[in-house]
Amino acid sequence: MHKEALRRAGAPLNECGLMMHNDEIAAVFEQLADLLEIDNANPFRVRAYRDAARMLRGMSEEAADMLKRGEDLSKLPTIGKDLAEKIGELNKTGRLKALEDLKKSVPAGLADLTRVPGLGPKRVKQLYDDLNIRTPDELRKAAQKGELQKLPGFGEKMEEKLLAYFKADRSQDDRIRLFDAEKIADRLVEHLSAVARKNDITVAGSFRRRKETVGDLDILVASASPEKVMDHFTDFDEISKIDSKGKTRSTVRLRSGMQVDCRIVEKDSYGAALIYFTGSKAHNIKLRKRALARKLKVNEYGVFKGKESVAGRTEKDVYASVDLPFILPELREDRGEIEAAEKGKQPSLVKIGDIRGDLHAHTKATDGKHSVREMALAAKKRGYAYIAITDHTKHVRIAHGLTKARLEKQLDEIDRLNEELSGIRILKSAEVDILADGSLDLPDVILEKLDLAVCAVHFDFDLTPAKQTERLIRAMDHPAFSILAHPTSRLIGERDPMRVEMETLMDAALERGCYFEVNGQPERLDLNDVYCRMARERGLKLALSTDAHSTDQLDFMRFSVDQARRGWVGKKDVINTRSWRELKSLLKR
DNA sequence: GCCGTTTTCGGCCCGACTGTTTTCAGTCG
């Protein structure tokens, strides 16, 4: 998406009716900010572009749609007259003259160089001016020839560092899935618990905000003997390299490629440090500004009036000092949570304990590992009232999808089990494949026998957005259609989301009595947080499901809940927080 | 470039660590 947007921004267009998505506009602004920074522009001007990009990425409505309705974009936060015009220009022409002009003096590739650790805009500019270095590859060659250490401000160490960077395996540089980060985080906490109480150790950062992917781990420890804790931390046996080590802050890299920052503070600062280390950065900046307006200063040690500390021990105290209630970590993205909290309108978020059943689970009849009985008993053990068995249908050959006959047999089995088992109801369902023309992959005669149909796309992901939307709406027209599973069919880091007209699709679902799933598989987490929020704002209810392929995967429910919480979703916005009777009344037939 | 219960101009979050320096700039989170 990023690359596509940049291509568009730089290339002439031959189409009409162009509409730029928010993330595409954001990508253009981000590139402009990168290049402006190298060009030594006013840092606050640079920040204005970055702030706007971030705001656009978190927005649940398309700026292009607002423009279509004739709305004034400068009413949006971080968007003023100038940026509103630039968004208009992008939306109309697909290009941005300011960016094209800037590229004439600052080669676009220089932005990539700032991503090399240790290189910021100043050094990149210097490398370009003095050695005409424009790409990471040119940088590597210059370092190998020993040319860098001759530059003022660069030295032997810097050159060594860069050489080490180019020598190292870069395959793990990308953000990793929350689920994978969790395993590492658990081991780190276990390691640190030898020198600190577990209550005094928190994995903060985007991990605590439950972001779908995690770039690094930020560990905060409260301790009166920081040096002892820090020495123990840097002794962790998975560490491959210590990037920096100080008395209160260290950065290391693990053999897995994961970067870990450890910060140690005293107990009296723990709350302030938690806020600081949990982020997001934008949330913190807003808090600090708010503090300034009250003649207070917030840093990671506390809240200060002059030199006197007025809060810091708990997060609640720190928020209270700037007249705010505690704000849940999942909301701390500066997407309106501070304003909502200020008005006492912070959303009440769905909790794992609110979930009454799972509406997406497979068995060994297709690509799952366990039987219907085993899945049902595992669901009962988790305290659920119901579980929908949703095996694939025939079109999904790779999963040995069910034919009508095989599904009929499974439905008989479910009847028998429902007779036999108490305390859990097995719902008759299937993950019905949505074919390319929008028809469903099972005959009506059997669809009619299901309690609900969970429907999903597994092929033909790359139709045009209009065609894809049409396909899905046609599917939802079917009277049996209940839930659209993994609505964009993305796989994090592997497959981009299908391009659909999401607002149109959500409104169509709403009109037809259909619901969208939030799939808890660690590589799916589909819908994402922004779309969850969009659904909530439009009144479209969600099904939080696991898509479990084994009994233990029923635990993925918490990832689905996390994602929904990041989208401001409450208990009432979720259909499977209800008893089966209530849920049934929400289904269209 | 944005923004306003101090302001429509003059501000814009804050501190730790490193390397290359003799007191600090650059980078990072």
Side-chain angles (χ1 to χ4, degrees), chain A residues 29 32-33 36-38 40-55 73-87 98 113-127 148-162 165 204-207 209 214-220 226 230 234 242-252 259-265 269 272-273 275-304 318 322-323 334 342:
Chain A
F29 283 174
L32 189 52
L36 277 173
E37 197 170 32
I38 295 165
N40 201 25
N42 176 349
F44 300 107
R45 189 172 159 225
V46 173
R47 197 161 80 192
Y49 283 105
R50 296 229 164 96
D51 286 348
R54 204 189 47 75
M55 195 279 304
L73 296 183
S74 70
K75 276 186 298 195
L76 292 168
T78 74
I79 304 291
K81 186 164 165 285
D82 184 88
L83 288 187
E85 266 171 32
K86 285 194 165 71
I87 293 172
L113 278 175
T114 62
R115 294 191 179 84
V116 177
L119 294 189
K122 295 282 190 302
R123 288 186 178 135
V124 166
K125 178 78 160 54
Q126 193 184 2
L127 287 168
L148 297 186
Q149 48 178 306
K150 296 175 207 151
L151 290 180
F154 284 76
E156 219 172 312
K157 284 234 169 133
M158 191 74 204
E159 195 167 79
E160 268 172 35
K161 237 178 155 177
L162 289 170
Y165 167 81
S206 53
F207 180 85
R209 302 200 311 276
V214 173
D216 58 13
L217 290 174
D218 304 295
I219 300 203
L220 179 67
M230 199 53 95
T234 53
I242 297 171
D243 284 333
S244 71
K245 182 176 178 183
K247 270 184 277 188
T248 66
R249 168 176 241 170
S250 294
T251 298
V252 302
Q259 179 181 306
V260 184
D261 295 325
C262 181
R263 184 75 196 254
I264 299 163
V265 297
S269 296
I275 290 180
Y276 161 73
F277 233 20
T278 297
S280 66
K281 194 173 167 178
H283 177 89
N284 289 347
I285 288 176
K286 206 157 232 186
L287 280 187
R288 288 172 175 185
K289 276 187 182 163
R290 206 178 154 85
L292 283 180
R294 288 164 175 73
K295 302 212 190 304
L296 297 169
K297 186 178 75 168
V298 174
N299 59 26
E300 56 262 58
Y301 300 109
V303 183
F304 298 88
V318 174
V322 290
D323 305 314
D334 187 24
E342 183 173 39

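Naming convention: chains lettered A, B, ... in sequence-line order (proteins, then strands); numbering from 1 in each chain. Model, not experiment: these values are computed from the prediction. Computed over heavy atoms, backbone and side chain alike; hydrogens, waters and symmetry mates excluded.
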Could you give the [atom1]-to-[atom2] distance, from [X] to [N], as a whole number of Å?
X        : N      : atom1 : atom2 : result
A:Arg45  : B:dG1  : CZ    : P     : 4 Å
A:Lys161 : B:dT18 : NZ    : C1'   : 6 Å
A:Leu162 : B:dT18 : CG    : C1'   : 13 Å
A:Ile275 : B:dG15 : CD1   : P     : 16 Å
A:Phe44  : B:dC14 : CZ    : P     : 11 Å
A:Lys157 : B:dC17 : NZ    : C1'   : 13 Å

Using every non-hydrogen atom in the two residues, find where [X] and [Y] come nearest and quote the distance to one decimal.
X        : Y        : value
A:Val322 : A:Arg290 : O-NE, 2.8 Å
A:Arg249 : A:Met230 : N-CE, 3.4 Å
A:Tyr165 : A:Pro117 : CE1-CD, 3.3 Å

With rounding to whole Å, what would you report as the distance between [N] and [M] at their [atom1] atoms?
N      : M      : atom1 : answer
B:dC12 : B:dT7  : P     : 16 Å
B:dG15 : B:dT20 : P     : 26 Å
B:dC17 : B:dC13 : P     : 22 Å
B:dC14 : B:dT21 : C1'   : 24 Å
B:dT23 : B:dC28 : P     : 25 Å
B:dA16 : B:dT22 : P     : 23 Å

| task | Looking only at side-chain atoms of A:Thr248, point me to the closest of B:dT18, B:dA16, B:dC14. | result |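 Comparing B:dT18, B:dA16, B:dC14 against the side chain of A:Thr248, the answer is B:dA16.
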| field | Nucleotide of B:dG15, B:dA16, B:dG1 approaching A:Tyr49 most closely (side-chain heavy atoms) | value |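 For A:Tyr49, the side-chain atoms sit closest to B:dG1.
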Residues in side-chain contact (heavy atoms from CB on, under 4.5 Å) with [X], at least two apart?
X        : value
A:Asn40  : A:Lys122
A:Ala273 : A:Leu220, A:Val265
A:Val298 : A:Arg288, A:Ala291, A:Val303

For [X], which contact category applies under a 4.0 Å heavy-atom criterion: base, sugar-phosphate, or nothing?
X        : answer
A:Val298 : sugar-phosphate
A:Lys247 : sugar-phosphate
A:Asn42  : base

| said: If the cut-off is 4.0 Å, is A:Asn284 near the phosphate of B:dC13, judged by side-chain N/O to OP1 or OP2? | reply: no
| query | Quick one: is B:dG1 close enough that its OP1 or OP2 comes under 4.0 Å of any side-chain N or O from A:Lys86? | reply | yes
| task | Go through the structure and list residues passing ring-ring contact (aromatic ring centres under 6.0 Å, His included) with A:Phe29, not counting sequence neighbours. | result |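 With sequence neighbours excluded, A:Phe29 shows a ring-ring contact (aromatic ring centres under 6.0 Å, His included) to A:Tyr49, given in chain and number order.
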| message | Are more than 12 heavy atoms, taken from residues, nucleotides or ligands other than A:Glu156, located less than 6.0 Å from that residue's CD atom? | response |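 At most 12 heavy atoms, drawn from other residues, nucleotides or ligands, come within 6.0 Å of this atom.
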| Under 4.0 Å protein heavy-atom contact, by nucleotide of nucleotides 2-7 of chain B - B base, S sugar-phosphate only | SS----
| said: What does the B/S/- profile of nucleotides 21-29 of chain B look like, 5' to 3', with a 4.0 Å heavy-atom cutoff to protein? | reply: -----SSSB
| field | Heavy-atom check, side chain of A:Leu148 versus side chain of A:Met158, under 4.5 Å | value |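 Counting from C-beta outward, A:Leu148 and A:Met158 never come under 4.5 Å.
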| task | Would you mind reporting whether A:Arg50 and A:Glu37 have side-chain heavy atoms less than 4.5 Å apart? | result | yes
| query | In Å and rounded to the nearest 0.5 Å, what is the OG1 to CG distance from A:Thr78 to A:Leu83? | reply |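 If I round to the nearest 0.5 Å, the distance is 7.0 Å.
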| said: Using Watson-Crick or G-U wobble geometry with both distances under 3.5 Å, which nucleotide pairs with B:dT8? | reply: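 Its partner: none found.
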| field | 5′-ward residue of the pair A:Glu159/A:Asn299 relative to DNA chain B | value |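 Result of the comparison: A:Asn299.
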